[in-house]
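Read the structure below first, then the notes.
Letters go in sequence order (proteins before strands), and every chain restarts at 1. Just so it is clear, the values below take in all heavy atoms, side chains as well, and ignore hydrogens, waters and symmetry mates.
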There are 2 protein chains.
Amino acid sequence: MLFDPRRALGRGGSSDVTSDSIWAPLFQRLKTTTGAADQDLQALAALPIALRNYRENQTVLRDGEQPSECCLIADGFCVRSKTIADGRRQILSIHIPGDLPNLQNLHYGTVDHDLVALSDCTLGFVGHRALKDLIRERPGVADLFWRDTLVDAAISREWIVNVGQRSTYNRLTHLIVELRERLRLVGRVIDNTFAIPLTQEQLGEAMGVTSVHTNRILRDLRVDGVLELQRGTVRILNEHKLQELAQFDGRYLHLSPLS
Amino acid sequence: MLFDPRRALGRGGSSDVTSDSIWAPLFQRLKTTTGAADQDLQALAALPIALRNYRENQTVLRDGEQPSECCLIADGFCVRSKTIADGRRQILSIHIPGDLPNLQNLHYGTVDHDLVALSDCTLGFVGHRALKDLIRERPGVADLFWRDTLVDAAISREWIVNVGQRSTYNRLTHLIVELRERLRLVGRVIDNTFAIPLTQEQLGEAMGVTSVHTNRILRDLRVDGVLELQRGTVRILNEHKLQELAQFDGRYLHLSPLS
DNA sequence: CGGCCAGTTGACCCCAATCAAGGATCGTGG
DNA sequence: CCACGATCCTTGATTGGGGTCAACTGGCCG
């Protein structure tokens, strides 16, 4: 099998996800960001989980649904999005392998946004019943999950800052650096290159600007030698300039157990 | 004692909060939005809680701090905000009586934003130790709190939509309607009039626009007969127009136990 | 080969920022 | 009681960032 960078970067292929590796990205992240106990992780890995594959652009959860399962992204990328009355759409968050994008439905029934696969994805589904039982049995697991949703909330807050205050030029770099830091945690950054499988239209929807303007920002970033984005892959050209533009302070990601 | 609308609307006075009423707004909200068990609420009310008063504009929590307590807003208004390198500030959320704005610090130590009193406030502080013990002892309390942080996150997501996609005219009305719905839950709306003790500068920081522009939007809303905002108090003039502008779909507030 | 969708660029326009100058309100001290 | 300074509100003039519209390119796939 030839080296396929898109596979290595976790963009595409979903067929080679084995039941062993479903939990791998989540566990990898939890181990570095929390003091997760091995027993808790083992208990998680013992949960019954149903694998399902989704195609690019397929909707995983629709606004208004009442799912009876929570999903774990084993491979691929998803986004949360909301569409308002006039048809304009906002992307709320980007989700990567190891993320649990609808844990909140354990506590309230209805999803209040869409969850859409950006790339071909492999998702694992665990029933609420099993999760609730495990949480009661193992408070440590409850803590892990609760914390996860809290970091998710912290990321949303930073997203508000990004959309509300930063210039679009800074905004895009901030978004990219955040994604890189999160991808790093699950081993999806190779050689300062990583996947960001959004079209320019979708990047615009994440930033609150049009695709036309996104295109111009990307051109500027390319011309200025900061980074290149081609076919869903980012390559950083000048780390120093990138940092300067993004003004990224990663504390809100709470990457270590004590922060 | 004369009728003081600012007091009735929960804007100002903090001196008359008794230890009986500290928990009242939180309990009122939990009772309508969740199926909170009375025993769980009683256990909460039995927690040792330290009352502290804050003046308008006083900082309650500073970005980077590591608090050892969580706070409950007994009376008054606070905001979360973040300031970026160039000095621009974004208000992330508005907090009202009954809110628990830093529950997240139970799970990660460092606050990643500021918490500032908008008006004179009475806050109750409960130590992390006591909260963690209670949560272990009573899973029902853990569920209440976890759910609370999840609704907080849902509100942040809607805030992203507001800042990213809605026209500023719609944006302000949406913000106002959301606040009204939340204030209604804790009995702080009287006669379609309620407190929103933000300066126009702060409203601008909440919406990602300047105070000058906020002023013009408010003028338009007044001229169009939609609503009036004077000295921190909103009066709705035309509910129909307001609804039309705000396009408010309150599902994300998850106001009933099953939603 | 042809259709389709993402990306690219130019021309034009409008919403909101910026800059600037007054006006209203309020707490404080003479 | 009035003078004051501070803060917030208000409005006009000007500028600029980003939206809109439109045309064209290029890669991919049936």
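The interatomic distance linking E228(A) (CD) with dT8(C) (P) rounds to 11 Å, in whole Å. Atom pair L221(A):CG and dT8(C):P shows a separation of 12 Å (rounding to whole Å applied). If you measure from atom CD of Q200(B) to atom C1' of dT10(D), you get 8 Å, rounded to the nearest angstrom. When rounded to the nearest whole Å, the span between CG of D86(B) and C1' of dA17(C) equals 14 Å. Atom CZ in R166(A) sits roughly 14 Å away from atom P in dG18(D) (whole-Å rounding). Atom CZ in R171(B) sits roughly 10 Å away from atom C1' in dA16(C) (whole-Å rounding). If you measure from atom CD of Q165(A) to atom P of dA17(C), you get 10 Å, rounded to the nearest angstrom. The distance from atom CG of L229(A) to atom P of dA6(C) is 15 Å, rounded to the nearest whole Å.
Without hydrogens or angle criteria, Q165(B) side chain to R89(A) main chain gives a donor-acceptor distance under 3.5 Å. For N238(B) (side chain) and H240(B) (main-chain N/O), a donor-acceptor pair under 3.5 Å exists by modelled atom type. Within the 3.5 Å criterion, the main-chain N or O of L115(B) finds no donor-acceptor partner in the side chain of N102(B). Judged by distance alone, the side chain of R55(A) and the main-chain N or O of D120(A) form no donor-acceptor pair under 3.5 Å. The backbone N or O of M207(A) lies less than 3.5 Å from a partner atom in the side chain of R171(A), making a donor-acceptor pair.
Mapping N57(B) and R219(B) onto DNA chain D by nearest heavy atom places N57(B) at the nucleotide closer to the 5' end.
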Evaluate the side chain to side chain donor-acceptor pair (under 3.5 Å) criterion for residues N170(A) and S167(A): first the C-alpha distance (whole Å), next the side-chain angles of each, then the deciding distance (0.1 Å), finally the verdict. CA-CA 5 Å; N170(A) 296 333; S167(A) 75; 3.1 Å; yes
Table of protein N/O atoms under 3.5 Å from nucleotides 23-30 of chain D N/O atoms:
none

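Looking at residues two or more places apart in sequence or on another chain, you find no side chain to side chain donor-acceptor pair (under 3.5 Å) involving S211(B). R251(B) is linked by a side chain to side chain contact (heavy atoms under 4.5 Å, CB included) to D63(A), T110(A), D249(B), counting only residues two or more places apart in sequence or in another chain. For R166(A), the side chain to side chain donor-acceptor pair (under 3.5 Å) partners are E158(A), N162(A), H174(A), not counting sequence neighbours.
T168(A) comes within 4.0 angstrom of sugar-phosphate atoms only, judged by non-hydrogen atoms across all strands, and of no base.
Residues T59(B) and D114(B) bring no donor and acceptor atom of their side chains to less than 3.5 Å of each other.
In the helix from dC1(C)-dG30(D) to dG30(C)-dC1(D), the rotation axis of the first five pairs and that of the last five pairs differ in direction by 30°, rounded to 10 degrees.
Ion pairing between D99(A) and R80(A) fails under the 4.0 Å rule for side-chain N and carboxylate O.
Within residues 203-216 of chain A, the residues approaching DNA chain D are G208(A), V209(A), T210(A), V212(A), H213(A), R216(A), by heavy-atom distance under 4.0 Å.
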